[in-house]
Amino acid sequence: MIKAIERVENTILDAIFPHQCLCGKWGEPLCSQCFGLISKNKTQLCPVCKKLSENGKTCPNCRQRTSLTGVMIFGDHEGLLKDAIWQYKYNFVKGMSEPLVRLLSEKFGVFIKKKQFVITSVPISKNRLNWRGFNQSELLAAGLSTSLSLEYKNLLVKTGKIKPQVGLTRKERIKNLKGKIELGSKINPKELKSKRIIIVDDVYTTGTTLEECAKTLRNNGAREVWGIVLSRD
Ligand SMILES: [Zn+2]
Ligand SMILES: [Zn+2]
């Protein structure tokens, strides 16, 4: 029922406030022309040493230094991609999640399907959720799971006091997050046993958030934990 009301509300809102693309064209939050102009990474890197690596897999030399099996990054945090993410996150244009999901699934869909990943998202604090009205990472993750017909599971929660990560150094970020990302209270670690999990996020800055999420999932039995993000800042 709530879903139905929400849908009606969204339809009405879309009629009153139709989407406008970044280029000024009315109709969609991102028109097909702008969508086609977004530049993507041609290669992927090991998340630790940043050497070239197929599908962003952590290279053998770095495996002891991270809980992440790999990280796939769509593009650099600049130009249209940066503007589209900004609209989504800070102007609360929820409809932008659709083209953003399409970017990820067109580029990485085949690999994700092949691996039969369980898709999850980076948790946000209650304060953030109240402020934004939605978890931007969750919306992308759920969209990706629908588009690829793979399972989506909300596995992680943020606990304790966490300062916003913006403006903190890498060291401060690690300290700020340490031990504060946990398995959701309804999740039985048995569900993670030998699973391959992929965590969806919007922007990759120092990678500490993904790392902390991956650590929690690996400690609870996940076999592989990957990250997938739209852009690297
Ligand atoms: Zn446009
Ligand atoms: Zn490496």
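Quick caveat, the model's predicted, so the values are computed rather than measured. Counting from 1, the numbers follow the sequence of the chain as shown. Each ligand, and each atom within it, is numbered from 1 in the order the structure gives.
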If the Zn ion (ligand 1) is the vertex, what is the angle to SG of Cys34 and SG of Cys31, rounded to 10 degrees?
-> 110°

Pairing of Lys115 and Glu224 as salt bridge, 4.0 angstrom limit = yes

Angular separation of Cys46 SG and Cys59 SG about the Zn ion (ligand 2), given to 10° | 110°

Test of ring centre spacing under 6.0 Å for Phe117 and Phe108 = no

Is there a path from Ile199 to Met72 through hydrophobic residues (I, L, V, M, F, W, Y) whose side chains come within less than 4.5 Å of each other?
-> no

Report the angle formed at the Zn ion (ligand 2) by atom SG of Cys49 and atom SG of Cys62, rounding to the nearest 10°.
-> 110°

Gap between atom CD1 of Ile181 and atom CG of Leu156 - 0.5 Å precision | 6.5 Å

Vertex the Zn ion (ligand 1), ends Cys21/SG and Cys23/SG: angle to nearest 10° comes to 110°

